[in-house]
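Below: the structure, in structure tokens.
Atoms considered below: every heavy atom in the structure, side chains included; atoms not considered: hydrogens, waters and symmetry mates. In listed order, ligands and their atoms are each counted from 1.
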Amino acid sequence: MSRIPIVAGNWKMYKTPSEAVDFVTSLIPELSPLDGVERVICPPFLAIPGVSAKVAGSPIQVGAQNVHWQKEGAFTSDIAPAMLKGLVEYVIVGHSEVRQYHGDTDERVNMRAKAALEAGLKPIIAVGESVDTYRAGQTETFVGAQIRACFAGIPQEAVSSIVVAYEPLWAIGTGLTPTAEEANQIIKNAIRNVLASLYGEDAAQQVRIQYGGSVKPDNMKGFMSQPDIDGALVGGASLKVNDFVTLVKLAREAKGLA
Ligand code: 13P
């Protein structure tokens, strides 16, 4: 079963709308020829319309960084799935920064993912353990439980359109990472095998699973050479044209596409 690799840049709270459009203007000609890999950028909400218009007609796809689970309502500051429809293909849910600073729980992440799917958006469900959980050797148990909770009630037919991002909290923005083998082991045991227990082996084999956390040009090849790692969710290195382009090139090479 061959899965199409997916490299996504999570810009977090960086770039004004005009900076974002300038950035993708440089990115489009560099990324366009690199086919075989899905290339996704996830700008802040306000930059989405401009970025989306700019990449239209190019192979670059756009994602949002979060979405509310309600269709509309009195939810000051939030964005509903229908508001993103037509502007983005993907939406990250459960990013650790949203869990940490906005109190997101697995239950909410599950509601967000279901609402996204209902609106025809593809969720990138982010999971990952704290440094304490990692040090206690509880990573697989913890991440496995996150997967079960985040996928609760998600029907079989929706599973193949979901991407999972494994991002150890202690690796985000720190320059620290698990080894590529270790990341692959966790992804296989705690994510793919748990999905297989929920949906069957065939369905689990179709789900793309990204590694995220201090992904840089110098470690990308190692991660992407692992059999269960299908891409990367990239923060800091996605804010530089050259680095992001290099990451996509390395993904292609590692997966035998270049
Ligand atoms: P960094 O690549 O900056 O460590 O961020 C990872 C991340 O949180 C992507 O969602």
Side-chain angles (χ1 to χ4, degrees), residues 5-15 20 23 27 37-45 47-48 51 61-67 88-102 104 106 108-109 112-113 116 121-131 133-134 139 142-143 146-147 150 162-180 182-183 186-187 191 208-224 226 229-251 254:
I6 174 166
V7 179
N10 172 13
W11 289 1
K12 309 191 179 188
M13 198 172 73
Y14 290 97
K15 299 192 190 297
F23 186 85
L27 204 56
V37 175
E38 284 193 46
R39 294 139 279 178
V40 184
I41 47 183
C42 305
F45 283 125
I48 287 175
V51 166
Q61 296 174 285
V62 183
Q65 298 176 15
N66 202 0
V67 69
V88 307
E89 289 84 26
Y90 287 96
V91 56
I92 302 169
V93 294
H95 192 280
S96 68
E97 286 148 17
V98 184
R99 294 177 187 261
Q100 181 180 355
Y101 301 123
H102 299 278
D104 246 24
D106 287 333
R108 278 204 213 165
V109 176
R112 294 184 198 280
L121 306 172
K122 297 174 185 168
I124 298 175
I125 298 180
V127 295
E129 82 288 359
S130 68
V131 70
T133 302
Y134 178 74
T139 297
F142 181 84
V143 172
Q146 282 187 315
I147 291 294
C150 292
I162 297 174
V163 176
V164 178
Y166 168 57
E167 300 202 306
L169 274 54
W170 51 273
I172 295 176
T174 59
L176 302 172
T177 67
T179 65
E182 201 178 355
I186 293 159
I187 283 173
I191 302 177
R208 273 98 50 87
I209 307 176
Q210 300 171 312
Y211 169 77
S214 296
V215 171
K216 308 285 176 213
D218 64 2
N219 59 23
M220 180 70 167
K221 191 166 176 228
F223 288 117
M224 290 301 296
Q226 296 296 320
I229 301 183
D230 307 309
L233 184 57
V234 184
S238 74
L239 297 168
K240 298 178 195 137
V241 172
N242 287 347
D243 279 358
F244 194 61
V245 170
T246 302
L247 294 178
V248 174
K249 285 184 178 160
L250 289 167

Inset, instruction - Consider only side-chain N and O atoms of Tyr211 and Gln226, and report whether a donor and an acceptor are under 3.5 Å apart. - result: no
Inset, instruction - Identify the residue among Ile125, Ile191, Asp106 that makes a side chain to side chain contact (heavy atoms under 4.5 Å, CB included) with Ile147. - result: Ile191
Inset, instruction - Calculate, to the nearest 0.5 Å, the distance between atoms CG and CZ belonging to Leu247 and Arg39 respectively. - result: 14.0 Å
Legend entry - Minimum non-hydrogen distance to atom 7 (C) of ligand 1, winning option of Gln210, Lys216, Glu167: Glu167
Inset, instruction - Around atom 5 (O) of ligand 1, find the nearest protein heavy atom and jot down its residue, atom name and distance. - result: Lys12 NZ, 3.2 Å
Legend entry - Ligand-side contact atoms (ligand 1) for residue partner Asn10, heavy atom cut-off under 4.0 Å: 9 (C), 10 (O)
Inset, instruction - Using a strict cut-off of 4.0 Å, indicate which atoms of ligand 1 neighbour a heavy atom of Ser214. - result: 1 (P), 2 (O), 4 (O)
Legend entry - Close side-chain approach of Lys122 to Val163, heavy-atom, < 4.5 Å: no
Legend entry - Validation row: Thr174, Ser214 side chains within 4.5 angstrom (heavy atoms): yes
Legend entry - Distance (rounded to the nearest 0.5 Å) between His95 NE2 and Asn10 CG: 5.0 Å
Inset, instruction - Would you mind checking which non-hydrogen protein atom is closest to atom 3 (O) of ligand 1, with the distance to 0.1 Å? - result: Gly236 N, 2.8 Å
Legend entry - Residue-ligand contact Gly212/ligand 1, heavy atom below 4.0 Å: no
Inset, instruction - Look at atom 2 (O) of ligand 1 and say which protein heavy atom is nearest, naming residue and atom and giving the distance to 0.1 Å. - result: Gly235 N, 2.9 Å
Legend entry - Enumerated ligand 1 atoms positioned under 4.0 Å from heavy atoms of Gly213: 4 (O), 6 (C)
Legend entry - Check: His95 N/O within less than 3.5 Å of ligand 1 N/O: yes
Legend entry - Pairwise distance CZ(Arg208) to CD1(Ile162) - rounded to 0.5 angstrom: 11.5 Å
Inset, instruction - Check Leu233 against ligand 1 and report side chain, backbone, both or neither, counting heavy atoms closer than 4.0 Å. - result: both
